[in-house]
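Here the structure is laid out as structure tokens; the discussion comes afterwards.
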Amino acid sequence: MTISFYILISLSLVIIKTVLIPGITVFSKFYDLLIPIIVYLGFFRSTKEGLPIVVFSGLIMDSLSGGPVGLYFAAYLWLYLAGRWMSLFLHGGNIFLITIAVAIGVMFEILILLGYLVFLAPGASMPEDAIETITIQLLLAIITAPVILSVIGWAQKKLDRWRASIVKDRRQY
């Protein structure tokens, strides 16, 4: 049930990222909305729950992006593994630390995409507004990540309560 819940959230964010955001010029430089989900999964969910969602999200974004196969998959997998590792040292309840982790995740994905441009597509040139785009994406991540993470945490608690009530109801019969 939890995996289905996160797949639904991931698909919703993919639709928002690929359909709604490109149509609104104000949000044309928005960061990848799946990064907060990946970081959240790394910090708060088990590998049994998180890894299938990371694989699913990476494959969906790879198929929709038109970029090289495996680019988003690799970025999401590394972000997830970094989140799992950081959760051993950082207190997951601190929204400031998780927000910084999301901003680092955004920067990591940008570096992977720029690395692709430099090493695998040497004929491609750096976008003229790359520094501006990176700055905007990092600021948007710092502003929106706490909201996204709070909503995900709230929805996860509601799902857990709902699941517990179903189990309780089943035991009564």
If two hydrophobic side chains count as joined below 4.5 Å and joins carry through other members, does [X] share a cluster with [Y]?
X: Val151; Y: Ile35; result: no
X: Val55; Y: Val69; result: no
X: Leu41; Y: Val147; result: no

From [X] [atom1] over to [Y] [atom2], what is the distance, rounded to the nearest 0.5 angstrom?
X: Leu64; Y: Ile60; atom1: CG; atom2: CD1; answer: 6.0 Å
X: Lys17; Y: Leu33; atom1: NZ; atom2: CG; answer: 6.5 Å
X: Leu97; Y: Ser87; atom1: CG; atom2: OG; answer: 12.5 Å
X: Ile53; Y: Ile37; atom1: CD1; atom2: CD1; answer: 8.5 Å
X: Leu13; Y: Asp32; atom1: CG; atom2: CG; answer: 9.0 Å
X: Leu11; Y: Leu34; atom1: CG; atom2: CG; answer: 9.0 Å

Sorted by first residue and then second, give each side chain to side chain donor-acceptor pair (under 3.5 Å) pair with at least one member in [range]; sequence neighbours left out.
range: residues 46-56; answer: Arg45-Glu49
range: residues 144-153; answer: Tyr31-Thr144
range: residues 53-62; answer: Ser10-Ser57

Report the C-alpha distance between Ile152 and Tyr6 in whole Å, list the side-chain angles of each, state the deciding distance to 0.1 Å, and finish with yes or no for side-chain contact (heavy atoms from CB on, under 4.5 Å).
CA-CA 9 Å; Ile152 294 168; Tyr6 283 107; 3.9 Å; yes
Stepwise, does the side chain to side chain donor-acceptor pair (under 3.5 Å) test hold for Gln156 with Tyr40?
CA-CA 11 Å; Gln156 179 64 51; Tyr40 181 87; 5.1 Å; no
Test side-chain contact (heavy atoms from CB on, under 4.5 Å) on Ile136 and Leu139; report intermediate values, then the result.
CA-CA 5 Å; Ile136 290 171; Leu139 288 173; 5.8 Å; no
Describe, in one word, how the ring planes of Phe89 and Trp85 are oriented to each other, choosing from parallel (under 30°), tilted (30 to 60°) and perpendicular (over 60°).
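If you compare the ring of Phe89 with that of Trp85, the planes turn out perpendicular.
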Candidates [options] - the one meeting side-chain contact (heavy atoms from CB on, under 4.5 Å) with [X]:
X: Ile110; options: Leu113, Ile112, Val106; result: Val106
X: Phe5; options: Leu8, Ile9, Ile7; result: Ile9
X: Val102; options: Ile142, Leu149, Ile38; result: Leu149

Using a strict threshold of under 4.0 Å (side-chain N to carboxylate O), is an ion pair present between Arg163 and Asp160?
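Yes, Asp160 and Arg163 are salt-bridged.
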Considering all heavy atoms, the nearest [X]-[Y] contact:
X: Ala101; Y: Phe43; answer: CB-CE1, 4.0 Å
X: Ala141; Y: Ala103; answer: CB-CA, 4.4 Å
X: Leu79; Y: Gly105; answer: CD2-CA, 3.3 Å

Counting heavy atoms not belonging to Phe96, are there more than 12 under 6.0 Å from its CZ?
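For Phe96, atom CZ is not crowded (no more than 12 foreign heavy atoms under 6.0 Å).
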Taking side chain as C-beta onward, heavy atoms only, is Phe73 less than 4.5 Å from Met61?
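Side-chain contact under 4.5 Å: no.
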Tell me, do Leu77 and Leu51 make a side-chain contact under 4.5 Å, heavy atoms counted?
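Answer yes - side chains close enough.
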Before giving the answer on side-chain contact (heavy atoms from CB on, under 4.5 Å), spell out for Val39 and Met86 the whole-Å C-alpha distance, their side-chain angles and the decisive distance to 0.1 Å.
CA-CA 10 Å; Val39 170; Met86 287 190 311; 5.7 Å; no
